[in-house]
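See below for the structure under consideration.
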There are 2 protein chains.
Amino acid sequence: MRNDNPQVAEASSTLSAKMRRGDLFAEKCPSRDVLKHVTSRWGVLVLVALLGGTHRFSDLRRKTAGVSERMLAQTLKWLEGDGFVARKAYPVVPPHVEYSLTPLGREVGLKVEALADWIEGNLPQIMAAQIPPES
Amino acid sequence: MRNDNPQVAEASSTLSAKMRRGDLFAEKCPSRDVLKHVTSRWGVLVLVALLGGTHRFSDLRRKTAGVSERMLAQTLKWLEGDGFVARKAYPVVPPHVEYSLTPLGREVGLKVEALADWIEGNLPQIMAAQIPPES
DNA sequence: GTAAGTACGCACATAAAGGTAAGTACCCAT
DNA sequence: ATGGGTACTTACCTTTATGTGCGTACTTAC
């Protein structure tokens, strides 16, 4: 068994086997961790970038202006750990690793992209509506 | 003028007036701050909760299991600052404040809700695909 | 030769996020 | 009169995220 958490709604008689869905409003629901990874500072960007196709580590690094190698690696591990990203390493001399989205990853990616797109497209209105930050 | 940032793509001759859209992949684009607020730990939950209608501060606090008053207040300020949340305070003796979404807020809220829903609905598959976290 | 690129892991350091506890000013139920 | 609820703020402290710099083991370009 992979996982088993009471915060995940289940309908079957056994607590373990069949949970139906998570509940983000529940304090310890594991869905909160998934959300955290997906909405992490670089998680969003990585998912959107990978929707555009397979990328190598340094391609992602260059595309995502501002990420440090450390955080990119960390973010990719989170996403890989959640089953959203697939990592394929070639045993060649100068390292060569390719990252791509899994079917599940493509699904979240689309949701995330929709949000990202909305923000990018509405930035003008948002900035117009913003009240200048105090500090 | 409210805002004026070179990272926001613009088409007009003047640098200031007409930007078209933000670019999350650009290092200093203000869209990243908006994204940060919206995807902050409690930001997502607050937006989703408010999609369900106006809420008072303590209603939100109770609904969002685990938030501290401090962070809820902070999150609401961020969202209010971005023009997504409207705050209405009644000058009554025991404080009474109501929070609701602005039209803009309702739009992002829907995007965020779509993501949240997807995660909640697919938690079972995600957990099945997860590789057990090391640390 | 020499520098740069590749995909990280590791140790160190800081900033930011988030939590805890206490205070405010006043009303209402017990 | 005593305690709880309301909406926060402020001070203080811990945790987490994220950044910086170094090392690696070679290869290719200059």
Side-chain angles (χ1 to χ4, degrees), chain A residues 24-25 27-28 30 32-47 49-50 54-82 85-100 133-135, chain B residues 24-25 27-28 32-46 49-50 54-82 85-100 133-135:
Chain A
L24 288 168
F25 283 96
E27 181 133 31
K28 298 178 190 299
R32 285 197 175 174
D33 294 319
V34 175
L35 181 69
K36 184 178 298 183
H37 299 158
V38 168
T39 62
S40 67
R41 178 161 186 197
W42 308 112
V44 176
L45 287 297
V46 168
L47 287 172
L50 290 182
T54 297
H55 283 67
R56 291 185 61 173
F57 186 84
S58 31
D59 288 338
L60 283 173
R61 177 160 169 44
R62 272 184 291 272
K63 186 159 189 173
T64 312
V67 223
S68 59
E69 299 191 343
R70 189 169 125 33
M71 284 318 297
L72 179 55
Q74 173 71 65
T75 301
L76 285 167
K77 274 191 179 178
W78 282 334
L79 265 19
E80 199 196 335
D82 287 336
V85 165
R87 180 193 128 102
K88 185 167 191 177
Y90 296 87
V92 293
V93 187
H96 183 115
V97 181
E98 295 189 340
Y99 289 95
S100 56
E134 4 54 44
S135 64
Chain B
L24 289 169
F25 283 95
E27 181 132 31
K28 299 178 190 301
R32 285 198 176 175
D33 293 320
V34 175
L35 181 69
K36 184 178 296 184
H37 299 158
V38 168
T39 62
S40 67
R41 178 160 185 196
W42 308 113
V44 176
L45 287 295
V46 167
L50 290 182
T54 297
H55 282 66
R56 293 185 60 174
F57 186 85
S58 33
D59 288 338
L60 283 173
R61 178 162 168 43
R62 272 184 292 272
K63 186 159 188 172
T64 311
V67 224
S68 60
E69 299 191 344
R70 184 168 131 27
M71 285 317 297
L72 180 54
Q74 174 71 67
T75 300
L76 286 167
K77 273 191 180 178
W78 282 334
L79 265 18
E80 199 195 336
D82 287 336
V85 165
R87 181 192 127 102
K88 185 167 192 177
Y90 296 88
V92 292
V93 187
H96 183 115
V97 181
E98 295 188 341
Y99 291 94
S100 56
E134 5 52 45
S135 64

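Small disclaimer: the values here were computed from a predicted structure and weren't measured. Protein chains get the first letters and strands the later ones, always in sequence-line order, with residue 1 at the start of each.
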When rounded to the nearest 0.5 angstrom, what distance separates OG1 in B:T54 from OH in B:Y99? 12.5 Å

Rounded distance [0.5 Å steps], CZ in B:F57 versus CZ in B:R62: 10.5 Å

Can you tell me how far the NZ atom of A:K28 sits from the CG atom of A:D33, to the nearest 0.5 Å? 11.0 Å

Plane angle bin for B:H37 and B:W78 - parallel if under 30°, tilted between 30 and 60°, otherwise perpendicular: parallel

Looking at CZ of B:R41 and CZ of A:R32, how far apart are the two atoms once the value is rounded to the nearest 0.5 Å? 6.0 Å

Touch check for A:Y99, heavy atoms < 4.0 angstrom, all strands: base, sugar-phosphate only, or nothing? sugar-phosphate

Rounded to the Å, how far apart are B:W42 CH2 and C:dG19 C1'? 10 Å

Applying salt bridge (charged side-chain N to carboxylate O under 4.0 Å, His left out), name anything that partners B:R61, two or more places apart in sequence or on another chain. B:E69

Under 4.0 Å protein heavy-atom contacts per nucleotide of nucleotides 20-30 of chain D, with B for base, S for backbone only and - for none: B-----SS---

From the candidates C:dG19, D:dA7, C:dT6, the one with an atom nearest any side-chain atom of B:V97 is D:dA7

B:H37 has an atom NE2; how far is it from atom C1' of C:dA16, in whole Å? 12 Å

Separation of atom CG in A:L76 from atom C1' in D:dA17, rounded to whole Å: 16 Å

Starting from C1' on C:dC28, measure out to NE2 on B:H96 and report it in whole angstrom. 16 Å

Are the side chains of A:K36 and A:S40 in touch, meaning some heavy atoms are under 4.5 Å apart? no

Considering just the side-chain nitrogens and oxygens of A:K77, establish if one lies under 4.0 Å of OP1 or OP2 belonging to C:dC8. no

Atom-to-atom span, CZ of A:R32 to C1' of C:dG18 - whole angstrom: 13 Å

Contact class for A:R41 (heavy atom, under 4.0 Å): base, sugar-phosphate, or nothing? sugar-phosphate

Here the distance between atom C1' of C:dG19 and atom CG of B:L72, to the nearest Å, is 14 Å

Is the shortest side-chain heavy-atom distance between B:T64 and A:F25 below 4.5 Å? yes

By nearest atom, which of the nucleotides C:dT6, D:dT6, D:dG19 is closest to the A:R62 side chain? C:dT6

Please report the distance, rounded to the nearest Å, between CG in B:D59 and P in D:dG5. 13 Å

Mind checking if A:R56 touches a base, just sugar-phosphate, or nothing, with heavy atoms under 4.0 Å? sugar-phosphate

dist A:L76:CG -> A:L60:CG (nearest 0.5 Å) comes out at 6.0 Å

Starting at the 5' end of DNA chain D and moving along, which residue's nearest nucleotide shows up first, A:W78 or B:Q74? B:Q74

Listed range with range, the stems formed with DNA chain D by at least 3 consecutive Watson-Crick or G-U pairs (under 3.5 Å) are C:1-30 with D:1-30

Take atom CG of B:D33 and atom P of C:dA16, then tell me their distance rounded to the nearest Å. 11 Å

A:S58 side-chain N/O to C:dG5 phosphate OP1/OP2 under 4.0 Å: no

Answer whether the closest heavy-atom distance between the side chains of B:L72 and B:W42 falls below 4.5 Å. no

